[in-house]
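Only one structure is covered here, and it is reproduced in the block below.
By convention here, the first residue in the shown sequence is residue 1.
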Amino acid sequence: ELPWLAMAVGLFVFGNLLVGHRFMALYPSDRSDVPGPFHIGAIFFSGNVFTLLLPGPVGELAAIAVLKKRFHMPMNESFVVSVHTRFVGLFSAAVVAALALPFVRPEGVLGQVLMVAGIVMIIGGASFGLLAAQPVWLRRFGQWMLSLMSPDSTGPLGWFFKRAGPNLRLFVESLTRVWNVSFSRWIQVVIWSLVIQSIQFCSLVCATYAISIHPQWPGLLLSQGMGSLTVLLAFVIPGGLGAYELAVISSLAGPGGLVLVDAGMAALCFR
């Protein structure tokens with residue numbers, strides 16, 4: 001149904017353009033030559049093309065390079081702000097998923113696994129988001145992760161981080177440079193993140209109407225939150241490919257009440 005599809009695309013684009021407002025809520029400069037938030041959102045949205053195709057923060061680095069070239073915004077500052085807002089975004093995604101979880105009735109082994117996985121991801125996303133509320137905690141977390149990447153580190157985590165590659169190291173190093181911001185500015189970023197999540201949820205609803213699939217709303221809400229919580233996997237897997245689909249299909253096939261074929265078709269439509 002083309003009208004529903006057009007609404008889905010329009011809402012999705014508009015929601016992503018609001019990323020610029022979230023970015024500016026943490027940006028430390030009051031210069032008059034900084035572009036408007038919609039302009040910044042458009043640049044970051046364009047960079048998402050690279051994020052979907054390549055592992056690591058390639059899309060964000062491309063967008064930040066454009067901001068540097070066009071508007072002379074320092075790359076280090078822009079990347080640190082981008083990483084900081086990602087962590088706050090995880091908190092909002094955890095909130096969205098948590099709103100749906102009380103309405104989930106796990107059935108069978110698959111339902112119980114989904115419930116446990118959902119709780120773990122929600123706790124993890126909320127924890128990372130709360131770390132971002134106090135930048136000193138975020139810096140300490142980054143320093144701890146850097147210590148695991150040193151040649152002298154031992155244990156399973158040390159083994160993993162030493163082999164994680166330069167993309168993850170760049171991400172971790174940026175955490176150690178996060179500057180202090182007030183709690184009120186963190187709240188602003190949380191509010192913008194929740195607004196973006198709400199608009200993208202409406203986009204998912206329109207997309208399901210476009211392909212004549214009608215999942216129950218707890219499954220749709222859970223798929224929005226769980227899908228967003230896989231965002232950090234884009235630093236290892238291009239676009240979180242596979243992990244996103246697993247989160248969405250399991251949410252729609254369980255709490256959403258869809259058969260696997262319809263859940264898979266909906267996930268493909270969203271992607």
Between [Y] and [X], is there a side-chain heavy-atom distance shorter than 4.5 Å?
{"X": "Asp262", "Y": "Val259", "answer": "yes"}
{"X": "Ile213", "Y": "Pro215", "answer": "yes"}
{"X": "Gln216", "Y": "Leu220", "answer": "no"}
{"X": "Met73", "Y": "Lys68", "answer": "no"}
{"X": "Val96", "Y": "Phe201", "answer": "no"}
{"X": "Pro35", "Y": "Arg70", "answer": "no"}
{"X": "Val80", "Y": "Glu77", "answer": "no"}
{"X": "Ser92", "Y": "Trp192", "answer": "no"}

Which heavy atom of [X] sits nearest to which heavy atom of [Y], and what is that distance?
{"X": "Met226", "Y": "Ser251", "answer": "CG-OG, 4.1 Å"}
{"X": "Ala97", "Y": "Leu222", "answer": "O-CD1, 3.7 Å"}
{"X": "Val189", "Y": "Ala25", "answer": "CG2-CB, 3.8 Å"}
{"X": "Val88", "Y": "Ala132", "answer": "CG2-CB, 3.8 Å"}
{"X": "Phe50", "Y": "Ala62", "answer": "CD1-CB, 4.2 Å"}
{"X": "Arg185", "Y": "Tyr27", "answer": "NH2-O, 3.0 Å"}

Hey, what do you get for [atom1] ([X]) to [atom2] ([Y]), rounding to the nearest 0.5 Å?
{"X": "Phe91", "Y": "Ile122", "atom1": "CZ", "atom2": "CD1", "result": "12.0 Å"}
{"X": "Leu221", "Y": "Ser198", "atom1": "CG", "atom2": "OG", "result": "9.0 Å"}
{"X": "Leu26", "Y": "Ser78", "atom1": "CG", "atom2": "OG", "result": "12.0 Å"}
{"X": "Ile196", "Y": "Ile191", "atom1": "CD1", "atom2": "CD1", "result": "12.0 Å"}

Partner residues of [X] under the side-chain contact (heavy atoms from CB on, under 4.5 Å) criterion, sequence neighbours left out:
{"X": "Ile199", "value": "Leu11, Phe14, Leu18, Val195"}
{"X": "Ser212", "value": "none"}
{"X": "Pro37", "value": "His21, Met24"}
{"X": "Ala93", "value": "Gln197, Ser228, Leu229"}

According to a 4.5 Å side-chain heavy-atom criterion applied to Ile, Leu, Val, Met, Phe, Trp and Tyr, with indirect links allowed, do [X] and [Y] form part of one hydrophobic cluster?
{"X": "Val120", "Y": "Ile123", "result": "no"}
{"X": "Phe103", "Y": "Val116", "result": "no"}
{"X": "Leu90", "Y": "Phe183", "result": "yes"}
{"X": "Leu246", "Y": "Ile119", "result": "no"}
{"X": "Val136", "Y": "Leu131", "result": "yes"}

Not counting sequence neighbours, which residues clear ring pair (Phe, Tyr, Trp, His ring centres under 6.0 Å) with [X]? List them please.
{"X": "Tyr209", "result": "Trp4, His214"}
{"X": "Trp137", "result": "none"}
{"X": "Phe44", "result": "Phe23"}
{"X": "Phe270", "result": "none"}

### Query
What residues form a side-chain hydrogen bond (donor to acceptor under 3.5 Å, both in side chains) with Ser82, not counting sequence neighbours?
Glu60

### Message
Just to verify, what does Ser193 make a side-chain hydrogen bond (donor to acceptor under 3.5 Å, both in side chains) with, not counting sequence neighbours?
### Response
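Applying side-chain hydrogen bond (donor to acceptor under 3.5 Å, both in side chains) to Ser193 gives Arg22.
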
### Query
Is it true that atom CD of Gln143 has more than 12 heavy atoms of other residues, nucleotides or ligands lying nearer than 6.0 Å?
yes

### Query
Does Val248 offer a backbone N or O that forms a donor-acceptor pair with the side chain of Ser223 under 3.5 Å?
no

